A.B. asks: 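After the structure tokens below, expect a handful of questions from me.
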Amino acid sequence: MEKIEHTTITANGINMHVASIGRGPVILFLHGFPELWYSWRHQLLSLSSHGYRCFAPDLRGYGDTDAPPSAASYTVFHIVGDLVGLIDHLGIDQVFLVGHDWGAIIAWNFCLFRPDRIKALVNMSVVWFPRNPTINPVDGLRAVFGDDYYVCRFQEPGETEKNFANLDTSLLFKNLLSNRDPSPPCFPKEIGLSGLLKTPETLPSWLSEEDTDYYGRIFKKTGFTGGLNYYRALKLSWELTAPWTGLQIKVPVKFIVGDLDLTYTVPGVKEYIHNGGFKQEVPNLQDVVVIEGAAHFINQEKPEEVSAHIHDFIKKF
């Protein structure tokens with residue numbers, strides 16, 4: 001870990017903290033919610049040892065990267081713009097892109113907007129669903145899961161922040177990262193998050209006190225508003241991406257998901273992935289990997305396996 005370098009660069013009008021290591025073709029890693037560059041610590045070390053130059057930024061709103069206060073500053077255009085600014089700053093023409101969770105959503109949109117900058121994509125947990133021109137994603141999720149679904153609950157500014165503020169931050173990450181319940185995350189307003197969290201008696205072997213303390217320390221300092229603003233900008237992103245309705249993702253893609261991932265068990269997702277719908281929208285989808293016994297935070301839970309899957313795919317290009 002001490003070999004990983006940390007720098008701050010200016011991109012798209014914000015200061016961005018970037019962790020990097022290695023020399024060679026560039027891999028850009030995009031983390032999810034509520035995570036940090038640190039989520040890719042294992043992959044940074046592994047892939048750099050195979051001759052790649054690896055970059056993992058704290059995305060806008062996270063960690064040591066700037067966090068604009070308005071949710072309107074967190075559309076997919078803002079985040080992709082930050083990343084284009086990053087690789088421009090580095091003088092890089094094309095990168096291999098790797099995303100997880102919200103990082104996967106940003107990665108899909110990056111490939112939609114600027115496929116010329118992407119050699120190939122390895123995405124995890126969140127599949128590409130084409131834009132539905134008749135309903136925005138928040139209202140669509142509300143229609144399926146109700147008002148208590150976490151994406152819907154996150155929409156009200158300040159509400160979820162108050163929930164998080166009442167919890168021990170390191171303890172929160174012990175719960176979040178070790179959670180293996182694949183059912184839809186719902187929390188009624190009157191209960192809040194604290195009523196649903198169950199502290200594990202012991203941490204799983206892949207997660208240490210040092211890890212949860214790191215996340216806890218950073219998020220105690222920054223709060224969660226930056227990450228929550230991605231959810232609050234969903235409707236605006238949907239409105240602004242109307243011109244891209246119907247376009248396919250054309251870059252080469254490998255998709256990885258755990259069979260206990262809550263994103264994989266959403267009704268209809270397995271059928272979409274395995275019955276041809278996913279391939280229709282992502283025609284250059286070359287491989288789908290379902291890792292048995294793995295939950296949502298797959299890049300941390302199965303680091304060696306995930307790193308090997310990334311390497312096996314990108315070394316073809």
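What you are looking at is a predicted structure, and each value in this text was computed from that prediction instead of being measured.
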A.B. asks: Looking at residues at least two apart in the chain, or sitting in another chain, which of them share a side-chain contact (heavy atoms from CB on, under 4.5 Å) with His42?
C.D. replies: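 Checked His42 against side-chain contact (heavy atoms from CB on, under 4.5 Å); matches are Pro303.
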A.B. asks: Mind checking ring pair (Phe, Tyr, Trp, His ring centres under 6.0 Å) for His309 and listing every partner two or more places apart, or none if nothing turns up?
C.D. replies: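 His309: no ring pair (Phe, Tyr, Trp, His ring centres under 6.0 Å) contacts found.
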A.B. asks: Quick one: salt bridge (charged side-chain N to carboxylate O under 4.0 Å, His left out) partners of Asp259, sequence neighbours excluded?
C.D. replies: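 Once residues adjacent in sequence are excluded, Asp259 has no partner under the salt bridge (charged side-chain N to carboxylate O under 4.0 Å, His left out) criterion.
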A.B. asks: Would a line drawn from the ring center of Phe219 to the ring center of Phe173 be shorter than 6.0 Å?
C.D. replies: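 Yes, they do, as the ring centres are separated by less than 6.0 Å.
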A.B. asks: Please find out if less than 6.0 Å separates the ring center of Trp102 from that of Phe33.
C.D. replies: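 No, the ring of Trp102 stays outside the 6.0 Å limit from the ring of Phe33, centre to centre.
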A.B. asks: What residues form a side-chain contact (heavy atoms from CB on, under 4.5 Å) with Ser70, not counting sequence neighbours?
C.D. replies: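 side-chain contact (heavy atoms from CB on, under 4.5 Å) check on Ser70 returns Ala72, Ser73.
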A.B. asks: Which pair of heavy atoms, one from Pro133 and one from Trp238, lies closest together, and at what distance?
C.D. replies: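 That would be O-CZ2, 3.6 Å.
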A.B. asks: So, the side chain of Tyr149 versus the backbone of Ala143: is there a donor-acceptor pair under 3.5 Å, distance only?
C.D. replies: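 Side chain of Tyr149 to backbone of Ala143: no pair is present.
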A.B. asks: Less than 4.0 angstrom from a charged side-chain N to a carboxylate O is my criterion; do Lys189 and Asp147 meet it?
C.D. replies: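 So Lys189 does not pair with Asp147 through a salt bridge.
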A.B. asks: With sequence neighbours excluded, what pairs up with Pro283 under the side-chain contact (heavy atoms from CB on, under 4.5 Å) test?
C.D. replies: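 Pro283 satisfies side-chain contact (heavy atoms from CB on, under 4.5 Å) with Gln248, Lys250 only.
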A.B. asks: Would the distance check show the side chain of Ser237 and the main-chain N or O of Thr75 forming a donor-acceptor pair, the cut-off being under 3.5 Å?
C.D. replies: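 Checked: no pair found.
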A.B. asks: With Phe55, which residues qualify under ring pair (Phe, Tyr, Trp, His ring centres under 6.0 Å), at least two apart?
C.D. replies: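 Counting only residues at least two positions away or on another chain, Phe55 forms no ring pair (Phe, Tyr, Trp, His ring centres under 6.0 Å).
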A.B. asks: Listed by chain and number, what are the salt bridge (charged side-chain N to carboxylate O under 4.0 Å, His left out) partners of Arg131, not counting sequence neighbours?
C.D. replies: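 Result, salt bridge (charged side-chain N to carboxylate O under 4.0 Å, His left out) vs Arg131: none returned.
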A.B. asks: With sequence neighbours left out, what residues match Phe96 under ring pair (Phe, Tyr, Trp, His ring centres under 6.0 Å)?
C.D. replies: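 If we apply the ring pair (Phe, Tyr, Trp, His ring centres under 6.0 Å) test to Phe96, skipping adjacent residues, there are no hits.
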A.B. asks: Determine whether a donor-acceptor pair (N or O, by modelled atom type, separation under 3.5 Å) exists between the side chain of Arg153 and the backbone of Phe187.
C.D. replies: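 It does hold such a pair.
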A.B. asks: Please enumerate all residues that pass ring pair (Phe, Tyr, Trp, His ring centres under 6.0 Å) together with Trp206, with sequence neighbours excluded.
C.D. replies: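 Scan of Trp206 (ring pair (Phe, Tyr, Trp, His ring centres under 6.0 Å), adjacent residues dropped) gives none.
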A.B. asks: When you measure from the side chain of His17 to the backbone of Gly63, do you find a donor-acceptor pair of N or O atoms at a distance under 3.5 Å?
C.D. replies: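 Looks like no, no N/O pair under 3.5 Å.
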A.B. asks: Establish, yes or no, whether a centroid distance under 6.0 Å links the rings of Tyr74 and Tyr231.
C.D. replies: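 No, the ring centres sit 6.0 Å or more apart.
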A.B. asks: Between Asn275 (side chain only) and Tyr272 (backbone N and O only), is there a donor and an acceptor less than 3.5 Å apart?
C.D. replies: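 Not a single qualifying donor-acceptor pair exists.
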A.B. asks: Kindly write out the residues that satisfy salt bridge (charged side-chain N to carboxylate O under 4.0 Å, His left out) with Glu209, not counting sequence neighbours, or none if the list is empty.
C.D. replies: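 Per chain and number, Glu209 pairs via salt bridge (charged side-chain N to carboxylate O under 4.0 Å, His left out) with Lys174.
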A.B. asks: List in chain and number order the residues that pass salt bridge (charged side-chain N to carboxylate O under 4.0 Å, His left out) with Asp213, two or more places apart in sequence or in another chain; answer none if no residue qualifies.
C.D. replies: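 Once residues adjacent in sequence are excluded, Asp213 has no partner under the salt bridge (charged side-chain N to carboxylate O under 4.0 Å, His left out) criterion.
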A.B. asks: Centroid-to-centroid, Phe278 to Phe255, below 6.0 Å?
C.D. replies: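 Yes, close enough.
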A.B. asks: Could you work out, with side-chain contact (heavy atoms from CB on, under 4.5 Å) as the rule, every residue matching Arg180, not counting sequence neighbours?
C.D. replies: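 Applying side-chain contact (heavy atoms from CB on, under 4.5 Å) to Arg180 gives Leu260, Ala295, Glu301.
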A.B. asks: Donor-acceptor check, side chain of Gln43 to backbone of Asn299, threshold 3.5 angstrom: yes or no?
C.D. replies: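 It does hold such a pair.
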A.B. asks: What about the rings of Phe113 and Trp244, do their centers lie closer together than 6.0 Å?
C.D. replies: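 When the ring centroids of Phe113 and Trp244 are compared, they turn out to be within the sub-6.0 Å range.
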